[in-house]
Amino acid sequence: MSQELSEQELLRRQSLQKLRELGVDPYPAEAFNVTHLAADLKDNFEEGCAVKMAGRMMSQRIMGKASFAEIQDSSGRIQVYFNRDEICPNEDKTLYNEVFKKLLDLGDFIGIEGVVFKTQVGEISVNVKNFHLLSKALRPLPLPKTDANGVVHDAFTDPELRYRQRYVDLVVNPTVKNTFIKRSKTFSAMRRFFETQGFLEVETPILQAIPGGAAAKPFVTHHNALDIPLYLRIANELYLKRLIVGGFDGVFEFAKDFRNEGMDRTHNPEFTVMELYVAYKDYHWMMDFTEKLMENIAVAVNGSAECLVGEHKISFKAPFRRISMRDAILHYTGIDIQGKDEVSLREECAKIGIETNPTMGVGKLIDEIFGEKCEGHFIQPTFITDYPIEMSPLCKQHRENPNLTERFELMINGKEIANAYSELNDPIDQKERFEAQLKLSERGDDEAMFIDHDFLRALEYGMPPTSGIGIGMDRLAMLLTNNASIQEVLFFPQMRPEAKSTLVLSDLENQILSFCSTEPTLLSELRMKVDCSNKQWDVSLKNLTKHQVLSIQKVNDSVFVTKNN
RNA sequence: GAUUCCGUAGCUCAGCUGGUAGAGCAAUACACUUUUAAUGUAUGGGCCCUGGGUUCGAAUCCCAGCGGGAUCACCA
């Protein structure tokens, strides 16, 4: 069932009909070959230049026989000038008077042919010689306007509407479009950087029988032919490492991962991670590489290594500060985690007001302290290195301290942006670490992993020393576009389903209807037959008359109800 | 999951201690040949989120629900 149309939607449908009657196809099939974009004309003004342009008509200022309109194409807006006698040189002025002035609506796609000129006020414009309707819009767009002082009025700002109808958001809010252009540039700059290193872009399974490579709750689905559960991947790490086993020296993948966890301004159920694995490297090499990568991307996206994020100016200029997790915690809390066991860490947590629970092991406790007391301090890009072994089951033991791992996270603006290791390639050690994780999960830590025996088998064939990194692409896009919520950098963030509007008659409405006939019935008599509150009565009756199921007439002082056919 | 705020015209928003719905833009009609938030005159447009309750009477007060925002928790 379609919704009832608003007045404006009805009017646009009527215009559509009238256009057809005038022989104008509102949805023509032919290509319209554009020669210039709006931005081209503004960048290179050339008086008298003949142009063909197309886009949405976003404003119309009609002044009798002359009019101005604005066309918005992918590059921006350009003013166009319509003169009745130029468009209609003959007696028949229908094209201007009817088609342009009355039957075109804001939001319609039109194509124009004309020549470039400057108006008396000095605005670069196109003098239209001929125009074509390319596609009619049946719904009105929200129309924010910018006044002479640059203040935007009636901006389309409601986040719910903007996310649910991103297409409208993009049409109407130029900064939103710019965010997504920057997001795309972030990806392409990264890809280019990797390709110049000779790394290979690959694709690995999204449907996995064992969701490995991270500790997170997966989405479950079912394969009918195999009759087995399959999981949407939570990470692609274990597959990329198999490819290093197979003999590639550098592989990367921009991967959509899926985690069945909470949603908020930094978490969407599906998100994008770039993972890269390079053979014969360690995490020191990866740090050097990462800071160069970040600087390169920042420049490619924003034209500068400096970038404003909230109230902070962040510099992506390499090199970045490096500090071990032990020193970071020591610095911000005075606690030395070196050599501390679970019991004494729990005591330290209690002292500084961090809640703990019995399922937390040493790794989790240290992570709590860091997350709670340190993380937020690292505004400028900083590598936090050497994580405790309990929290890094896929990472190689530290070459100097067996309680640590060769791992770093890149923190920017107080948030984790990247996570990297010297990858664990000792298959026996790996197996033991998986088993230790499994034990943790038996304590109730619901993020623990499954054991991927095929991955262990692959390691047994031998994996060269490898360094790997995962970069949260959404988080990175948030930084580079100065957005505080992930929804702003995803075209279509996950939303609760829209409530359906049901136009089905209620029981009460049906009951009322059953007492009515095509003969007029006295309203007061009808009221007595129906047992309901005054409010229910009022709403139901209004509904029925609104949908023209019933009609009400007043004759003298009596009110009658009649059923419509 | 917790707390809190919000939901009124196509858009942005007013609407007082309850009294039968308001503005600007958009729309419609007319005027106007270089305007630019064009202008002037006139007109139409509302399931006031949904359901229940209190009341003679609810957009307004109460309860529940739905949707959204913010903050917090969770998220190696």
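Chain identifiers are assigned alphabetically (A, B, ...) following the order of the sequence lines, protein sequences preceding nucleic acid strands; residue numbering begins at 1 within each chain. These figures come from a predicted structure and were not determined experimentally.
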side-chain N/O K364(A) vs C74(B) OP1/OP2, d < 4.0 Å: no

May I ask you to verify if any side-chain N or O of R265(A) is less than 4.0 angstrom from the OP1 or OP2 atom of C72(B)? yes

Between [atom2] on [N] and [atom1] on [X], what's the gap in Å once rounded to a whole number?
X       : N      : atom1 : atom2 : answer
M58(A)  : C11(B) : CE    : P     : 15 Å
R84(A)  : U33(B) : CZ    : P     : 9 Å
L141(A) : U12(B) : CG    : C1'   : 15 Å
E9(A)   : U28(B) : CD    : P     : 14 Å

Base, sugar-phosphate, or nothing: which does [X] touch, judged by heavy atoms less than 4.0 Å apart?
X       : result
D158(A) : sugar-phosphate
K102(A) : sugar-phosphate
Y387(A) : nothing
R407(A) : sugar-phosphate

Consider the side chain of [X], meaning its heavy atoms from C-beta on, and name the nucleotide among [options] that approaches it most closely.
X       : options                : value
E160(A) : A27(B), G68(B), U33(B) : G68(B)
E372(A) : A73(B), U34(B), G67(B) : A73(B)
L161(A) : U33(B), U34(B), C11(B) : C11(B)

Is it the case that [N] (base atoms only) and [X] (side chain only) share a donor and an acceptor within less than 3.5 Å, ignoring hydrogens and angles?
X       : N      : value
E7(A)   : G44(B) : yes
D264(A) : A73(B) : yes
Q8(A)   : A26(B) : yes

Looking at the rings of Y387(A) and F408(A), which for Trp means the six-membered one, are their centres under 6.0 Å apart? no

Within the 6.0 Å centroid threshold, strictly below: Y283(A) and F383(A): no

Do K364(A) and E368(A) meet the salt-bridge criterion of a basic N to acidic O distance under 4.0 Å? no

Is K129(A) salt-bridged to E113(A), going by a charged N under 4.0 Å from an acidic O? no

Give me the ring orientation class for F100(A) and F82(A): parallel if the planes are under 30° apart, tilted from 30 to 60°, perpendicular past 60°. parallel

Does R56(A) form a side chain to side chain donor-acceptor pair (under 3.5 Å) with Q72(A)? I'd like the steps, not just the answer. CA-CA 5 Å; R56(A) 282 186 197 270; Q72(A) 175 172 302; over 6 Å; no

Under the side-chain hydrogen bond (donor to acceptor under 3.5 Å, both in side chains) test, which residues partner H377(A), sequence neighbours left out? none

Treat primed atoms plus P, OP1 and OP2 as sugar-phosphate and everything else as base, then score nucleotides 35-41 of chain B 5' to 3': B for base contact with protein heavy atoms under 4.0 Å, S for sugar-phosphate contact only, - for none. BBBB---

